[in-house]
Amino acid sequence: MLKRIVTIQDISCFGKCSLTVALPILSAMGLETAVIPTAVLSTHTGGFTGYTFRDLTDDIPDITSHWKSLDIHFDGIYTGYLGSAKQVKMVADFFDTFKCSNTTIIVDPVMGDAGKLYAGFTPDFALEMKALCSKADIIVPNMTEASYLLDVPYTEEYDQVYIEHILRKLSEFGCKAAVLTGVRYNDGMHGAVAYVKESDSFYSSFMPHIEHSMHGTGDVFASVFSGALTKGASMQQALETAVAFTSDAINETVPYMESCWYGVSFEPCLGKLADISKNF
Ligand code: PXL
């Protein structure tokens with residue numbers, strides 16, 4: 001039987017992020033993938049103007065109770081972009097309803113990048129997101145999100161000692177493991193570092209940095225990482241698979257950046273990911 005994951009985030013109809021990234025990636029990895037769309041936007045909010053935004057918050061409790069009546073079990077629950085504080089609370093209730101002893105809950109506290117919050121987010125929202133992180137098994141913030149969650153200044157100048165300190169602080173929220181994405185130590189490499197509280201151990205994976213910033217890379221990383229863990233990969237395997245796929249997808253995008261400025265061309269890399277995922 002296939003492992004089953006549910007991913008809870010918005011649909012940006014055009015622009016390649018959130019559900020339009022997570023669904024193809026998780027399916028390619030061989031997971032049965034259910035979705036709860038939190039909002040429908042005509043595009044994502046990074047670089048487009050005039051986008052529409054339909055809030056689906058009120059649908060979440062109804063979907064939750066219908067699924068409860070069906071007695072559905074999830075091996076993985078992976079959340080991304082959530083559009084309001086009310087929605088965050090409903091997702092916390094969803095965790096309470098569907099968490100079983102073998103369910104892995106992964107929260108990507110999507111709020112911002114490069115030191116800034118995305119359009120529509122406030123520092124108060126970070127407090128709500130912090131509460132949701134405390135209910136997760138694993139959280140996957142980038143450096144911007146970590147700085148808002150911990151209320152520490154955002155910096156791009158740091159070393160391994162600082163990253164390990166931040167990871168330990170994040171794990172104090174109550175999650176079993178914390179992963180920082182987009183880590184760069186000034187050595188030309190770019191990757192992710194994880195801390196697992198129970199064993200007090202760190203894991204990391206890096207690839208050469210590519211000098212282009214692209215929208216949606218965090219969603220690509222978190223989708224692969226969540227898929228791998230839900231399939232039973234180890235923390236190190238999940239990190240390596242997610243970092244390698246994100247790097248492949250960025251390399252794939254570079255030649256088309258002028259016309260495809262809005263997202264990552266991950267699609268040509270899905271075949272390789274499907275093959276690798278058969279090992280988990
Ligand atoms: O990639 C994160 C993300 C998800 N969903 C929406 C966004 C963003 C980032 O800007 O705007 C709607």
Side-chain angles (χ1 to χ4, degrees), residues 6-26 33 35-57 59-60 77-88 90-91 106-123 125-126 128-129 132-133 136 139-149 154 179-182 190 192 210 212-227 242-243 245-247 249-250 252-253 257 260-267 269:
V6 54
T7 179
I8 308 177
Q9 43 190 324
D10 72 283
I11 298 186
S12 290
C13 300
F14 183 85
K16 293 207 274 193
C17 70
S18 39
L19 277 186
T20 62
V21 167
L23 187 51
I25 287 178
L26 293 166
T33 307
V35 300
I36 299 186
T38 55
V40 179
L41 293 82
S42 51
T43 64
H44 60 65
T45 65
F48 293 102
T49 52
Y51 48 83
T52 67
F53 186 105
R54 181 171 302 278
D55 183 14
L56 299 181
T57 303
D59 291 29
I60 299 175
I77 302 174
Y78 153 43
T79 72
Y81 181 102
L82 302 174
S84 67
K86 191 173 165 199
Q87 208 164 74
V88 175
M90 287 174 180
V91 170
I106 300 133
V107 169
D108 181 358
V110 174
M111 290 186 286
D113 201 7
K116 295 202 182 78
L117 292 173
Y118 294 133
F121 288 98
T122 61
F125 181 84
E128 303 293 338
M129 199 46 111
L132 191 69
C133 287
I139 61 172
V140 196
N142 60 27
M143 287 299 287
T144 304
E145 290 150 354
S147 78
Y148 277 95
L149 289 171
Y154 171 76
V179 178
L180 266 175
T181 62
H190 196 149
I210 304 153
H212 291 280
S213 113
M214 288 171 202
H215 192 273
T217 50
D219 298 346
V220 168
F221 176 92
S223 299
V224 178
F225 179 77
S226 303
V243 168
F245 183 83
T246 309
S247 171
I250 293 172
E252 194 64 47
T253 315
M257 279 207 58
C260 289
W261 57 269
Y262 47 81
V264 188
S265 298
F266 63 94
E267 296 87 341
C269 311

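In each ligand, atom 1 is the first atom listed, and ligand 1 is the first ligand listed. In this chain, numbering begins with 1 at the start of the sequence shown. All values below were derived from every heavy atom in this structure, side-chain atoms included, with hydrogens, water molecules and symmetry-related copies excluded.
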Query raised in the report: Can you find a pair of side-chain heavy atoms, one from F225 and one from D108, that are under 4.5 Å apart?
Result: no
Query raised in the report: Taking N or O atoms only and a 3.5 Å limit, does Y118 qualify as a polar contact for ligand 1?
Result: no
Query raised in the report: So which protein heavy atom does atom 9 (C) of ligand 1 come closest to, and at what separation?
Result: H215 NE2, 3.1 Å
Query raised in the report: Distance-only, no hydrogens or angles: does the D113 side chain make a donor-acceptor pair with backbone N or O of T144 under 3.5 Å?
Result: no
Query - Backbone N/O of I8 and side chain of T79: donor-acceptor pair under 3.5 Å - result: no
Query raised in the report: Rounded to the nearest 0.5 Å, what separation is found between the CG atom of L23 and the OG1 atom of T7?
Result: 8.5 Å
Query raised in the report: With a cut-off of 4.0 Å, which atoms of ligand 1 are near a heavy atom of S12?
Result: 6 (C), 12 (C)
Query raised in the report: What are the atoms of ligand 1, with element, lying closer than 4.0 Å to any heavy atom of S18?
Result: 4 (C), 5 (N)
Report summary line: of all protein heavy atoms, closest to atom 11 (O) of ligand 1 is T45 OG1, 2.6 Å
Query - Atom indices of ligand 1 within 4.0 angstrom of D10 heavy atoms, with elements - result: 4 (C), 5 (N), 6 (C), 12 (C)
Query raised in the report: Below 4.5 Å, heavy atoms only, C-beta onward: do P37 and L19 meet side chain to side chain?
Result: yes
Query raised in the report: Which heavy atom of the protein is the closest neighbour of atom 1 (O) of ligand 1, given with residue, atom name and distance?
Result: D219 OD2, 2.7 Å
Query raised in the report: Which atoms from ligand 1 have a heavy atom of H44 less than 4.0 Å away?
Result: 7 (C), 11 (O)
Query raised in the report: Can you tell me the protein heavy atom closest to atom 3 (C) of ligand 1 and the distance?
Result: Y81 CD1, 3.8 Å
Query - Mutual orientation of the aromatic rings belonging to F48 and F14 [parallel < 30°, tilted 30-60°, perpendicular > 60°] - result: perpendicular
Query raised in the report: Do the ring planes of F121 and Y81 sit parallel (below 30°), tilted (30 to 60°) or perpendicular (above 60°)?
Result: perpendicular
Query raised in the report: Going by the atom numbers of ligand 1, which of them fall below 4.0 Å from some non-hydrogen atom of V110?
Result: 2 (C)
